[in-house]
Amino acid sequence: MRLIGTVTPDRPLLVLALPEEAAHLDAGLPVLLTGMGKVNAAAALATVLAGGAKPSAVVNLGTAGALRPGLAGTHEIGRVLQHDLDTPLLEQLTGRPLDGPIDLGGSGPVLATGDRFVSSDADRDQLARTADLVDMEGYALATVARRAQLPVRLVKHVSDGAGDGAELSWQASVDGCARLLAEWAAAHLR
């Protein structure tokens with residue numbers, strides 16, 4: 001976890017998993033680098049929010065794998081869900097409802113979050129039944145922001161096809177994705 005800049009109530013906090021994804025952001029807004037995965041993302045954001053001033057909003061920028069052919073570009077997410085938690089079984093076992101999908105508003109794509117980098121065609125095709133994109137932090141960050149009663153936006157740039165060879169595609173495209181995410185932030189946030 002690394003916080004760059006100072007969190008103030010008049011500015012959003014940009015939250016990204018990796019320094020590679022934040023490489024081209026300007027220094028105008030505070031940036032939190034969480035590390036990969038749901039646990040790192042949730043722990044880092046909760047720590048920062050508990051430590052002092054709260055931002056005006058939480059904006060998660062990052063890369064995502066496309067679960068559908070032809071899906072490319074930068075997208076603001078409309079709904080996010082966890083793909084690696086067996087919600088129906090756990091609800092049956094406990095008799096209590098678990099946190100389900102989070103509606104973020106708008107008509108953007110559905111993001112599936114899980115602690116597994118999706119790099120096989122079989123996994124991609126299964127996830128495509130319920131989502132359009134896949135990442136490793138979005139759901140956790142949306143949950144923490146919502147519990148802190150802060151507005152949250154998830155903005156993802158497609159880095160790969162989330163299938164066979166996705167890890168190589170991500171490595172080759174992450175710098176270009178970071179540039180486009182920085183351009184999005186410059187155009188939409190202040």
Side-chain angles (χ1 to χ4, degrees), residues 1-37 40-42 44-49 51-67 70-80 102-113 131-146 148-162 166 169-190:
M1 175 184 109
R2 181 174 169 217
L3 178 61
I4 303 162
T6 303
V7 176
T8 59
D10 61 329
R11 301 183 302 169
L13 172 63
L14 303 182
V15 183
L16 299 94
L18 299 170
E20 292 90 341
E21 294 173 317
H24 300 287
L25 292 171
D26 69 25
L29 294 173
V31 174
L32 175 62
L33 301 175
T34 66
M36 288 188 295
N40 286 330
L45 182 56
T47 298
V48 167
L49 294 180
K54 289 194 169 81
S56 62
V58 172
V59 180
N60 169 225
L61 301 174
T63 56
L67 299 172
L71 193 55
T74 303
H75 302 273
E76 186 158 358
I77 303 304
R79 185 175 212 218
V80 61
I102 300 171
D103 289 314
L104 300 171
S107 59
V110 175
L111 176 69
T113 298
D132 306 298
L133 298 170
V134 63
D135 85 336
M136 296 176 69
E137 298 83 25
Y139 187 91
L141 295 168
T143 299
V144 171
R146 287 276 173 101
Q149 300 179 334
L150 290 171
V152 61
R153 297 169 78 180
L154 307 179
V155 178
K156 302 294 176 174
H157 190 83
V158 175
S159 58
D160 58 79
S169 296
W170 183 87
Q171 288 175 326
S173 68
V174 68
D175 189 66
C177 293
R179 286 183 193 282
L180 293 168
L181 288 166
E183 288 175 13
W184 184 94
H188 294 91
L189 302 173
R190 278 296 143 210

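Quick caveat, the model's predicted, so the values are computed rather than measured.
Ala142 approaches Val80 most closely through the heavy-atom pair CB-CG1, 4.1 Å. Here the closest heavy-atom approach between residue Ala22 and residue Val31 is recorded as CB-CG1, 4.4 Å. In plain terms, the two heavy atoms of Val152 and Ala145 that are nearest each other are CB-CB, 3.7 Å. Annotation for Ala66 and Leu133: closest pair CA-CD2, 3.9 Å, computed over non-hydrogen atoms.
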- Criterion side-chain contact (heavy atoms from CB on, under 4.5 Å) on Arg146 and Val58, from CA distance to verdict: CA-CA 10 Å; Arg146 287 276 173 101; Val58 172; over 6 Å; no
- Task: Step by step, work out the side-chain contact (heavy atoms from CB on, under 4.5 Å) result for Ile102 and Leu104.
- Result: CA-CA 6 Å; Ile102 300 171; Leu104 300 171; 3.8 Å; yes
- Test side-chain contact (heavy atoms from CB on, under 4.5 Å) on Leu45 and Leu32 and set out the steps. CA-CA 8 Å; Leu45 182 56; Leu32 175 62; 4.2 Å; yes
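Separating the OG1 atom in Thr34 from the CG atom in Asn40 is a distance of 6.5 Å, to the nearest 0.5 Å. The CD1 atom of Ile4 sits 12.0 Å away from the CG atom of Leu29 when rounded to the nearest 0.5 Å. For the atom pair Leu16 CG and Leu141 CG, the distance stands at 9.5 Å (nearest 0.5 Å). In this structure, CD1 in Ile77 is found 7.5 Å from CG in Asp135, a value given to the nearest 0.5 Å. Once rounded to the nearest 0.5 Å, the distance linking NE2 of His157 with OG1 of Thr74 reads 4.5 Å. Taken from OG1 in Thr63 to CG in Asp160, the straight-line distance is 7.0 Å, to the nearest 0.5 Å.
Glu76 is linked by a salt bridge (charged side-chain N to carboxylate O under 4.0 Å, His left out) to Arg153, counting only residues two or more places apart in sequence or in another chain. Judged as a side chain to side chain contact (heavy atoms under 4.5 Å, CB included), and not counting sequence neighbours, the contacts of Met36 are Leu18, Glu137. For the side chain to side chain contact (heavy atoms under 4.5 Å, CB included) test, residues two or more places apart in sequence or in another chain that qualify with Ala178 are His24. Residues satisfying the salt bridge (charged side-chain N to carboxylate O under 4.0 Å, His left out) criterion with Arg2, sequence neighbours excluded, are absent altogether. Considering only residues two or more places apart in sequence or on other chains, Asn60 meets the side-chain hydrogen bond (donor to acceptor under 3.5 Å, both in side chains) condition with Lys156. Listed by chain and number, the residues in a side chain to side chain contact (heavy atoms under 4.5 Å, CB included) with Ser173 are Ser159, Cys177 (sequence neighbours excluded). For Asp132, the side chain to side chain contact (heavy atoms under 4.5 Å, CB included) partners at least two apart in sequence or on another chain are Arg68, Leu71, Pro109, Val110.
Within the structure, every pair that satisfies the salt bridge (Lys or Arg N to Asp or Glu O under 4.0 Å) test and touches residues 22-36, not counting sequence neighbours, is listed here: Asp26-Arg190.
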Can I get a per-line list of side-chain donor-acceptor pairs under 3.5 Å for residues 7-15, giving both atom names and the distance, sequence neighbours left out?
| residue | atom | partner | partner atom | Å |
| --- | --- | --- | --- | --- |
| Thr8 | OG1 | Asp10 | OD1 | 2.5 |
| Thr8 | OG1 | Arg11 | NE | 3.1 |
| Arg11 | NH1 | Gly28 | O | 2.9 |
| Arg11 | NH2 | Thr6 | O | 2.5 |

Kindly list each side-chain donor-acceptor pair under 3.5 angstrom involving residues 180-188, sequence neighbours excluded, with atom names and distances?
| residue | atom | partner | partner atom | Å |
| --- | --- | --- | --- | --- |
| Trp184 | NE1 | His188 | ND1 | 3.2 |
| His188 | ND1 | Trp184 | O | 2.9 |

